[in-house]
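So that we are looking at the same thing, I have put the structure below in structure tokens.
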Amino acid sequence: MGIKLLHLVKPFQGFMPEIEAPLRKVGVKDKIVWTAISLLIYLICCQIPLYGVYITDGADPLYMLRMMLASNRGSLMELGIQPMITSGMILQLLAGSKIIQVNTRVEEDKELFQTAQKLFGLLFTFAEATAYVMSGVYGTIGQLGVINAVLIVAQLTMAGFVVLLLDELLQKGYGLTSGISVFIACNVAETIVWRAFSPITFTLGTETEFEGAIIAFFHFMITKSNKFEALQKAFSRQTGPNMFNLLATIAVVLVVVYFQGFKVEITISSARQRGYNYPYPIRLFYTSNMPIILFSALISNLFFFSQLLYTNFKGNFLVRLLGTWQDVNMNGRSVPVYGLVYFLTPPSGVTDLIFAPIKTLIYIALVMMLCAVFSKTWIEVSGSGSWAVAKQLKEEGFTIKGYKMDPSGRNIKTYLDHYIPIAATFGGLCIGALSVFADLLGAIGSGTGILLSVTIIYGMFEQYAKAKGAGKGKILGIF
């Protein structure tokens with residue numbers, strides 16, 4: 001049944017553009033160039049405004065999550081990577097739970113699964129683009145006109161397809177990491193740099209301030225005669241990013257990098273040649289940033305549909321139970337003030353523990369619990385659990401040092417059960433805790449955004465190091 005389900009996408013296979021795998025090994029410099037080109041195309045799309053929009057300052061369902069979703073308001077990248085992440089995760093979960101059976105060793109299955117990912121990505125993009133237009137985010141259908149409404153949906157769908165192809169390009173070996181990861185890291189890094197060095201000024205009463213925390217710091221120190229007051233304002237102002245937020249961001253980055261080095265090394269040996277032993281590392285962040293990506297995908301979709309539903313059906317009890325929203329400024333920014341999504345809103349700082357302790361504690365518990373559950377679930381559906389690793393070791397002729405080669409591989413699996421599930425669950429818990437820690441400190445870019453960007457950039461450096469040392473005795477693609 002599973003194979004038949006996958007074969008349902010076969011008629012669409014000929015219509016889906018495909019990036020060919022490289023015929024030769026792509027060098028590190030070429031990977032950097034292709035990654036840079038893909039990033040440039042993405043950034044250009046972020047600056048191209050949508051044609052046919054009637055309202056540019058209406059409700060913004062993705063306001064609180066734009067940075068993590070690599071999206072840009074009013075541009076071709078309005079939806080960012082959200083449809084791609086959502087469709088990809090759903091397909092991966094279906095494949096991992098064997099609802100869709102995919103044999104990665106069969107070339108036809110791999111090609112059909114890639115076609116399914118593209119098809120579902122396009123369908124999700126089209127569905128979200130249609131929901132955006134129909135909900136009146138850009139104006140009512142009467143204001144837009146049917147032709148403009150169709151053009152907006154077409155623009156968003158095509159932009160989503162471009163993102164999908166760029167992601168495929170980098171994942172097929174032309175880049176250092178996936179396109180989605182590059183776009184997220186770029187968006188978060190851009191936000192942090194901008195809020196630190198932004199030269200934009202704004203006026204409060206009779207006083208002019210700079211938006212960037214570092215520029216504002218020097219501006220206060222130069223213009224104010226009372227240097228203590230200048231320092232106090234530079235480190236604690238609430239009207240924009242301050243120096244404490246910036247130092248908190250640096251601290252969180254260093255903590256995440258420090259945790260990346262936590263690992264347990266088990267010794268594996270060749271069952272075919274005596275005396276050949278190798279270390280096999282099991283990291284604390286065994287599933288890398290996947291728990292926080294899954295969490296972000298869940299939250300973004302809940303926020304997206306909650307605000308769209310509330311905008312059009314405010315009187316419905318179930319809609320209000322999912323989320324009641326309130327406008328906080330004239331730029332389309334709304335925040336949840338009641339319902340499920342209210343408890344999934346990250347705290348704006350440590351003061352939330354004082355003024356909204358129940359909501360903050362519920363959020364902390366939910367984030368840590370969901371990240372742990374997602375991490376544990378992911379190793380099973382992605383083929384990185386104890387049994388999958390044991391089978392791979394057995395097939396490559398390796399066993400745990402001190403253990404005899406078992407034809408079934410069960411003894412290796414039993415041994416790995418003492419490490420991999422624990423690392424996945426506890427690692428997910430730590431990732432959730434670090435995200436909340438960053439939010440409570442008021443770090444620039446949000447805890448989730450910083451975690452994603454740091455783990456992505458760290459992974460890119462690892463890929464670069466592996467590529468530079470390629471061919472020096474790899475086991476399971478790790479060494």
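The figures here come from the full heavy-atom set of this structure, side chains too, leaving out hydrogens, waters and symmetry mates.
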Quick check: do Ile266 and Leu416 have side-chain heavy atoms less than 4.5 Å from each other?
yes

So, taking the atom named CG in Leu91 and the one named CD in Gln114, what distance separates them when rounded to the nearest 0.5 Å?
12.0 Å

CZ of Phe197 to CZ of Phe210: how many Å apart, nearest 0.5 Å?
14.0 Å

Over all heavy atoms of both residues, which pair between Ile32 and Leu176 is shortest? Give the atoms and the distance, please.
CG1-CD1, 4.0 Å

Should Leu298 and Phe374 count as side-chain neighbours, where that means a heavy-atom distance under 4.5 Å?
yes

Please name the pair of heavy atoms, one in Ile292 and one in Cys371, separated by the smallest distance, quoted to 0.1 Å.
CD1-SG, 3.9 Å

Quick one: are Asp30 and Tyr174 in side-chain contact, heavy atoms under 4.5 Å?
no

Does Lys172 reach the main-chain N or O of Ile19 with its side chain, forming a donor-acceptor pair under 3.5 Å?
yes

State, without any angle test, whether Ser181 and Ser178 hold a side-chain donor-acceptor pair at a distance under 3.5 Å.
yes

Does some side-chain heavy atom of Glu78 sit less than 4.5 Å from a side-chain heavy atom of Ser71?
no

Quick check: are there more than 12 heavy atoms from other residues, nucleotides or ligands sitting under 6.0 Å from CE of Met16?
yes

Can you confirm whether the side chains of Thr287 and Ser375 place a donor and an acceptor under 3.5 Å from each other?
yes

Scan side-chain atoms only and decide if Asp417 and Ser386 contain a donor-acceptor pair under the 3.5 Å cut-off.
yes

Look up atom CZ in Phe259 and atom CG in Leu451, then write down how far apart they are to the nearest 0.5 Å.
10.5 Å

Would one find more than 12 heavy atoms of other residues, nucleotides or ligands at under 6.0 Å from atom CZ of Phe220?
yes

Is the distance between the ring centroids of Phe304 and Tyr132 under 6.0 Å?
yes

Just wondering, are more than 12 heavy atoms of other shown residues or ligands nearer than 6.0 Å to CZ in Phe202?
yes

Considering all heavy atoms of both residues, which atom of Ile81 and which atom of Ala70 are nearest to each other, and what is their separation?
CG2-CB, 4.3 Å

Does Phe183 have its ring centroid less than 6.0 Å away from the ring centroid of Tyr42?
yes

Without swapping roles, check the side chain of Gln155 against the backbone of Tyr51 for a donor-acceptor pair under 3.5 Å.
yes

Given the rule in the side-chain contact (heavy atoms from CB on, under 4.5 Å) test, do Val252 and Leu434 qualify, once you have shown the distances and angles that lead to the verdict?
CA-CA 8 Å; Val252 172; Leu434 285 171; 6.0 Å; no

For the atom pair CD1 (Ile282) and CD1 (Ile422), what is the distance rounded to the nearest 0.5 Å?
10.0 Å

Glu209 side, atom CD; Lys233 side, atom NZ - distance, nearest 0.5 Å:
4.5 Å

Hey, are the side chains of Thr125 and Met84 touching, using non-hydrogen atoms and a 4.5 Å cut-off?
yes

Could you walk me through whether Arg283 and Glu265 pass the salt bridge (Lys or Arg N to Asp or Glu O under 4.0 Å) check?
CA-CA 8 Å; Arg283 297 181 182 275; Glu265 287 191 345; over 6 Å; no

Other residues, nucleotides and ligands only: do more than 12 of their heavy atoms fall within 6.0 Å of CE on Met369?
yes

Do the non-hydrogen side-chain atoms of Ile431 and Phe295 ever get within less than 4.5 Å of each other?
no

Is it the case that over 12 heavy atoms from other parts of the model lie below 6.0 angstrom from the OH atom of Tyr338?
no

Under-4.0 Å salt bridge between Glu211 and Arg195:
no

To the nearest 0.5 angstrom, please state how far the CG atom of Leu123 sits from the OG1 atom of Thr157.
9.5 Å

Shortest non-hydrogen contact from Pro83 to Gly121?
CB-O, 4.3 Å

If you draw a 6.0 Å radius around OH in Tyr415, do more than 12 non-hydrogen atoms from other residues or ligands fall strictly inside?
yes

If you define the side chain from C-beta out and look only at heavy atoms, does anything of Phe355 sit under 4.5 Å from Thr360?
no

Walk me through it: do Phe235 and Asn242 pass the test side-chain contact (heavy atoms from CB on, under 4.5 Å)?
CA-CA 5 Å; Phe235 276 84; Asn242 57 54; 5.6 Å; no

Which heavy atom of Leu69 sits nearest a heavy atom of Ser300, and at what distance?
CD1-CB, 3.7 Å

On a heavy-atom basis, which atom in Val188 and which in Ile450 lie closest, and how many Å separate them?
CG1-N, 4.2 Å

Would Leu302 and Leu322 satisfy side-chain contact (heavy atoms from CB on, under 4.5 Å), going step by step from the backbone distance to the final call?
CA-CA 8 Å; Leu302 281 175; Leu322 178 61; 4.2 Å; yes

Using modelled atom types only, decide if a donor and an acceptor are shared between the side chain of Ser75 and the backbone of Met77 within a distance under 3.5 Å.
yes

Proximity of Tyr286 and Trp378 rings by center, below 6.0 Å
no

Has Ile358 got more than 12 heavy atoms of other residues, nucleotides or ligands less than 6.0 Å from its CD1?
no

Hey, mind stepping through Leu254 and Tyr258 against side-chain contact (heavy atoms from CB on, under 4.5 Å) and telling me if it holds?
CA-CA 6 Å; Leu254 294 175; Tyr258 176 72; over 6 Å; no

Salt bridge check: are Lys118 and Glu168 linked by an N-O gap of less than 4.0 Å?
yes

Within the 3.5 Å criterion, strictly below it, is a donor on Ser435 or Thr448 matched to an acceptor on the partner's side chain?
yes

Heavy-atom side-chain contact between Trp194 and Ile444 under 4.5 Å:
no

Asp352 (side chain) donor-acceptor with Ser348 (main chain) under 3.5 angstrom:
yes

Where the side chain of Asn72 meets the backbone of Cys46, is there a donor-acceptor pair that is under 3.5 Å apart?
yes

With a cut-off of 6.0 Å (strictly less than), are more than 12 heavy atoms of other residues, nucleotides or ligands near CD of Glu20?
no

